[in-house]
Amino acid sequence: MIVLGIETSCDETAAAVVAGAGEASTILSNRIASQVEIHARYGGIVPEVASRQHPLAIIPVIAGAMADAAVSWNGIDGVAVTVGPGLAGSLLTGVNTAKAISLARGLPLTGVNHLEGHIYASWLTGDRPVFPLVCLIVSGGHTDLVLMKGRGDYTRIGGTRDDAAGEAFDKAARMLGLGYPGGPVIQKAAAEAVTPVHLPRAWLKGTNDFSFSGLKTALLRLVEAGEVASPADAAAGFQEAVVDVLVTKTVAAAAEYRARQIILAGGVAANRRLRERLVAVSPLPVVIPEPALCTDNAAMIAACGGRRFESGLADGLDIDVLPGLRLAHGD
Ligand code: KG4
Ligand code: ZN
């Protein structure tokens, strides 16, 4: 099976062609048109600006993905597109383009949950799921701990009570004047630290939940009081506090649910320190997509879509965007 995947849930316009399905997929092409430079001047994503950029980029990005994969339209077996969660105006471009292709080429269509897509990124480079597994999805919009007992079987067992981890990175970077997006710039600054500051951790004991708002406020107080020797020391202390809590609680949740594998997914999973610590601390095998597949892309959407087609989960041309879509029951 060869699937064209389309992703426009936030600020990346992406298209990919993937062969195989679900947990046994191979990337034939993977194109992304990033809007990072456009949003950088505002210090964050401006939804209206994002939604206006997707229509400009979507057709060239799809044409590029088709050319890179060297497949003709006759070689495509289905179209998979992100339906949510995400920004409504952004999602609309991807969904309507996918519908148009489906109608014009007579191809089956399937709507993919962006969060499920992030999990499927784990299986694009050879790793295979071992159930039950616990997955930490950490992105700009989400921080969720999910128990996966089998294919398509998701239970949310914990998550953030306030900011998503990626959102916290973005806000901390803004406070420290390091730019946007926050994750990569904090990671880079942290590497230059001399004496990392110590910041508090919210453990929320007895739960599998997270909270990052207190950490953010603690950082702000230090900055306002002029107690930070350098942005690098603050960045390192902040990154360490986030990583410490994410790693410790994920490993504990995996033990509680007797998981056999841990998956780390979503944009923040690109963080080098988080990857290293989780692998070092976890007694279980850890699967993490390569950094370029952690951040938003369409290959993960195509892989997940392939699994949906195999399971008979094609959708009609009347599918809607679902900005508030959730992954699992339990929340
Ligand atoms: O999954 P993603 O690309 O988009 C969403 O679905 O939200 O995640 C984007 C988030 C941003 O908050 C960004 O700062 C963060 O992922 N991120 C990182 C790193 N690279 C991206 N956070 C920490 N370290 C990184 N290296
Ligand atoms: Zn994402």
Side-chain angles (χ1 to χ4, degrees), residues 5-14 16 30 32-36 39-40 42-45 47 50 81-87 90-91 94 112-122 135-144 146 159-160 163-176 178-191 210 212 215-216 235-236 238-247 263-278 288-301 303-304 323-327:
I6 297 173
E7 152 67 40
T8 65
S9 68
C10 195
D11 61 333
E12 317 282 19
T13 316
N30 193 18
I32 299 174
S34 177
Q35 302 178 12
V36 161
H39 297 282
Y42 305 106
I45 294 161
V81 62
T82 304
V83 288
L87 302 168
S90 290
L91 290 161
V112 171
N113 182 316
H114 180 82
L115 300 172
E116 193 175 13
H118 272 304
I119 296 177
Y120 272 77
S122 313
C135 179
L136 174 67
I137 306 175
V138 265
S139 69
H142 291 83
T143 297
D144 290 328
V146 175
T160 186
D163 290 351
E167 189 184 352
F169 268 100
D170 294 337
K171 287 176 179 169
R174 204 176 311 158
M175 270 179 229
L176 297 171
L178 291 172
Y180 169 87
V185 292
I186 294 256
Q187 174 175 301
K188 190 155 172 264
F210 303 99
F212 298 110
L215 171 62
K216 194 179 58 189
F238 175 85
Q239 176 176 264
E240 204 54 33
V242 174
V243 167
D244 192 10
V245 177
L246 289 176
V247 167
I263 287 179
L264 178 64
V268 181
N271 185 271
R272 204 179 312 134
R273 182 73 180 152
L274 176 58
R275 302 167 75 93
E276 286 170 2
R277 288 302 298 153
L278 184 59
I288 316 174
E290 58 187 66
L293 294 173
C294 289
T295 44
D296 289 350
N297 65 84
M300 66 187 198
I301 303 304
C304 185
L325 186 63
R326 289 171 183 254
L327 181 59

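We count ligands from 1, going down the list as the structure has it; atoms in each ligand are counted the same way.
Looking only at side-chain heavy atoms (C-beta outward), Thr143 and Leu246 come within less than 4.5 Å of each other. Side-chain contact check for Ser90 versus Ser9: every heavy-atom pair is 4.5 Å or farther apart. Looking at heavy atoms from C-beta onward, Ile45 lies in side-chain contact with Leu87 at the 4.5 angstrom threshold. In this structure, Leu327 and Ile119 have side chains that are in contact, with non-hydrogen atoms separated by less than 4.5 Å.
Of all the atoms in ligand 1, the ones that sit under 4.0 Å from a non-hydrogen atom of Gly141 are 7 (O). Heavy-atom contacts of Ser139 reach the following atoms of ligand 1: 1 (O), 5 (C), 6 (O), 7 (O), 8 (O) (cutoff under 4.0 Å). Ligand 1 places these atoms under 4.0 Å from at least one heavy atom of Gly166: 12 (O). Proximity to Gly140 (heavy-atom distance under 4.0 Å) selects the following atoms of ligand 1: 5 (C), 7 (O), 8 (O), 9 (C), 10 (C), 12 (O). Residue contact check: Asn271 has heavy atoms under 4.0 Å from atoms 23 (C), 24 (N), 25 (C), 26 (N) of ligand 1. Near Gly267, with a cut-off below 4.0 Å to any heavy atom, the atoms of ligand 1 are 1 (O), 2 (P), 8 (O), 16 (O), 17 (N), 18 (C), 19 (C), 20 (N), 21 (C). For ligand 1, the atoms closer than 4.0 angstrom to any heavy atom of His118 are 1 (O), 6 (O). Near Pro184, with a cut-off below 4.0 Å to any heavy atom, the atoms of ligand 1 are 19 (C), 20 (N), 21 (C), 25 (C).
One distance of note links CZ of Phe169 with CD of Gln239; it measures 5.0 Å at 0.5 Å rounding. Between the NE2 atom of His118 and the SG atom of Cys304 there is a distance of 11.5 Å, given to the nearest 0.5 Å. Separating the CG atom in Leu325 from the CG atom in Asn113 is a distance of 4.0 Å, to the nearest 0.5 Å. Separating the CG atom in Asp170 from the CG atom in Leu178 is a distance of 11.5 Å, to the nearest 0.5 Å.
Heavy atoms of Arg272 found under 4.0 angstrom from ligand 1: none, in either backbone or side chain. With a 4.0 Å heavy-atom cut-off, ligand 1 is reached by no atom of His142. Only side-chain heavy atoms of Asp170 come within less than 4.0 Å of ligand 1; its backbone N, CA, C and O stay farther off.
The two residues Ala299 and Asn30 have their closest heavy-atom pair at N-OD1, 3.6 Å.
Between Tyr180 and Tyr42, the distance separating the two ring centers is not shorter than 6.0 angstrom.
Taking 4.0 Å as the cut-off, Cys10 does not count as a neighbour of ligand 1 on heavy-atom distance. For His114, the closest heavy-atom approach to ligand 1 falls below 4.0 Å.
Of all protein heavy atoms, the one closest to atom 23 (C) of ligand 1 is Gly183 CA, 3.3 Å. At the shortest separation from atom 26 (N) of ligand 1 among protein heavy atoms lies Gln187 OE1, 3.1 Å. Among all non-hydrogen protein atoms, the one lying nearest atom 2 (P) of ligand 1 is Asp296 OD1, 3.3 Å.
Protein atoms of type N, O or S found under 2.8 Å from the Zn ion (ligand 2) total 3.
Polar contact with ligand 1: absent for Pro181 (N/O pair, distance under 3.5 Å).
Judged purely by distance below 3.5 Å, without hydrogens or angles, the side chains of Asn297 and Glu12 never pair a donor atom with an acceptor atom.
With salt bridges taken as basic N to acidic carboxylate O contacts below 4.0 Å, none links Glu276 and Arg272.
With sequence neighbours left out, the side-chain contact (heavy atoms from CB on, under 4.5 Å) criterion links Asp244 to Arg201, Trp203, Thr248.
With a 6.0 Å radius and a threshold of 12 heavy atoms from other residues, nucleotides or ligands, Arg275 has its CZ atom above the threshold.
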